[in-house]
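Have a look at the structure below before the remarks.
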Amino acid sequence: MIDLHTHSLVSDGTDEPGRIAELAAAAGCSAFALTDHDTLAGLEAARARASALGLTLVDGCEVSCSFRGTSAHILVYFVGDGDGPFQAELVRLRADRVARNRTLVHRLRELDLPVTYDEVVAEAASEDSVGRPHFAAVLVRAGAADSVADAFDRWLGRGAPGYVAKARVAPTEIIRAARASGGVAVLAHPFTLGLDDADLESAVNELAEAGLSGLEATYGRYNPHQRAALSTLAIRAGLVATGGSDYHGTVKPGLSVGTGEGDLSVHDAVLGRLEARRPG
């Protein structure tokens, strides 16, 4: 089996990239993708450990996009470090992330919360990888929240007093940049779009026409009925039905690499189907 959706501390997970490889091996995976948000920085370390363990690492990344009035997450595969349209887009997104994080610190200080920029950066792997979970961890440690979830509910989530939106691009731009860089794009956890069945199918068809290659149907926290419905939708749209755990470590408790909540099983044939969609 394989897992095409994992995160390390290079973005908002809690494990080293190499540790993700170890967890994938322990779960019995033949391959896994590291899909940190807006960055490819963890791939080298993950690849080295994966190679030592006899696993295949799939270069990956997850990008948050703005689509139909909500947030859509696009997983990009087979694009590694180097130069290209997708990598250039990531540079821009990370610069926007840094600017958002500085504004967020200022907002929280205005709310008399004991948060400094240096503290938040120290919580993350680097300045580029700082995300709201790192802010949440600092708030919990300072006693301003009882847990990471409470920090989001009370201060950081959409509609909360400290919320600051980050720059988002259209999914069609990410799909286009991914393909121009030799990769493929997949719509992650589709039900988070919050659309009804008809609108979700319309959205998926629109993205498929724009070059989307896959739909994350077998998702770590979806039940069998949801997975079956998304697999059927993928077939109707001419997409590869993919899957992954969305493992983040302690940030998202209850999920394991490879097996999700215990019943996840993504066949390794899925990887071949995705590779067949690569341009050129």
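What you see is a predicted model; the values in this text were computed from it and never measured. When reading the values below, keep in mind they use all heavy atoms of this one structure, side chains included, and skip hydrogens, waters and symmetry mates.
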If two hydrophobic side chains count as joined below 4.5 Å and joins carry through other members, does [X] share a cluster with [Y]?
X	Y	answer
Phe78	Leu55	no
Val121	Val98	yes
Leu4	Leu53	no
Leu75	Val58	yes
Leu239	Leu200	yes

Item to check | Met1/Thr259 under side-chain contact (heavy atoms from CB on, under 4.5 Å): CA gap, chis, key distance, verdict | outcome: CA-CA 9 Å; Met1 65 181 183; Thr259 58; 3.9 Å; yes
Checklist entry - Between Leu34 and Ser8, is a side-chain contact (heavy atoms from CB on, under 4.5 Å) present by the stated rule, with each step listed? => result CA-CA 7 Å; Leu34 184 65; Ser8 76; 3.9 Å; yes
Checklist entry - Does the side chain of His7 come under 3.5 Å of the side chain of Glu62 through a donor N or O and an acceptor N or O? => result yes
I need the [X] [atom1] to [Y] [atom2] distance, nearest 0.5 Å.
X	Y	atom1	atom2	answer
Lys252	Arg221	NZ	CZ	7.0 Å
Leu195	Phe67	CG	CZ	8.0 Å
Asp268	Thr56	CG	OG1	9.5 Å
Ser181	Gln87	OG	CD	4.5 Å
Thr103	Leu108	OG1	CG	11.0 Å
Asp38	Asp128	CG	CG	10.0 Å

Measure from the side-chain N and O atoms of [X] to the backbone N and O of [Y], and report whether any donor-acceptor pair falls under 3.5 Å.
X	Y	result
Arg278	Gly182	yes
Arg107	Val164	no
His134	Ala122	no
Ser202	Ala198	no
Ser11	His37	yes

Would you say [X] and [Y] make side-chain contact, with heavy atoms under 4.5 Å?
X	Y	result
His248	Leu255	no
Asp12	Val251	no
Thr35	Tyr77	yes
Leu215	Val186	no
Phe152	Pro133	yes
Asn101	Val105	no
Glu89	Val76	no
Leu187	Leu193	yes

[X] versus [Y], closest heavy-atom pair with distance:
X	Y	answer
Ala31	Leu271	CB-CD2, 3.9 Å
Asn205	Ala237	OD1-CB, 3.5 Å
Val130	Ala124	CG2-CB, 3.7 Å
Thr39	Val10	CG2-CG1, 3.7 Å
Gln226	Phe191	CB-CE1, 3.5 Å
Ala144	Leu113	CB-CD2, 3.9 Å

Next on the checklist: The test is side-chain contact (heavy atoms from CB on, under 4.5 Å); show your working for Thr6 and Ser245 and say whether it passes.
Outcome noted: CA-CA 7 Å; Thr6 69; Ser245 63; 4.1 Å; yes
Next on the checklist: Please verify the inter-ring angle class for Tyr219 with His5; under 30° counts as parallel, over 60° as perpendicular, anything in between as tilted.
Outcome noted: tilted
Checklist outcome for this item: Of Leu139, Val115, Leu104, the one forming a side chain to side chain contact (heavy atoms under 4.5 Å, CB included) with Trp155 is Leu139
Next on the checklist: Taking atom CG as the centre, does Asp196 end up with more than 12 heavy-atom neighbours from other residues, nucleotides or ligands that are less than 6.0 angstrom away?
Outcome noted: yes
Checklist entry - Is atom CD of Glu275 surrounded by more than 12 heavy atoms (other residues, nucleotides or ligands) closer than 6.0 Å? => result yes
Checklist outcome for this item: Across all chains, not counting sequence neighbours, the salt bridge (charged side-chain N to carboxylate O under 4.0 Å, His left out) partners of Asp96 are Arg92
Next on the checklist: By the side-chain hydrogen bond (donor to acceptor under 3.5 Å, both in side chains) test, which pairs, at least two apart or in different chains, include something from residues 141-151?
Outcome noted: Glu123-Arg141, Asp150-Arg154
Salt bridge flag under 4.0 Å for residues [X] and [Y]:
X	Y	result
Glu127	Arg102	yes
Arg19	Glu22	yes
Arg47	Asp59	yes

Checklist entry - Given the rule in the side-chain contact (heavy atoms from CB on, under 4.5 Å) test, do Leu90 and Val63 qualify, once you have shown the distances and angles that lead to the verdict? => result CA-CA 9 Å; Leu90 293 184; Val63 180; 4.0 Å; yes
Next on the checklist: Apply side-chain hydrogen bond (donor to acceptor under 3.5 Å, both in side chains) to residues Ser71 and Arg158 and explain how you reach the verdict.
Outcome noted: CA-CA 11 Å; Ser71 176; Arg158 188 181 297 273; 5.7 Å; no
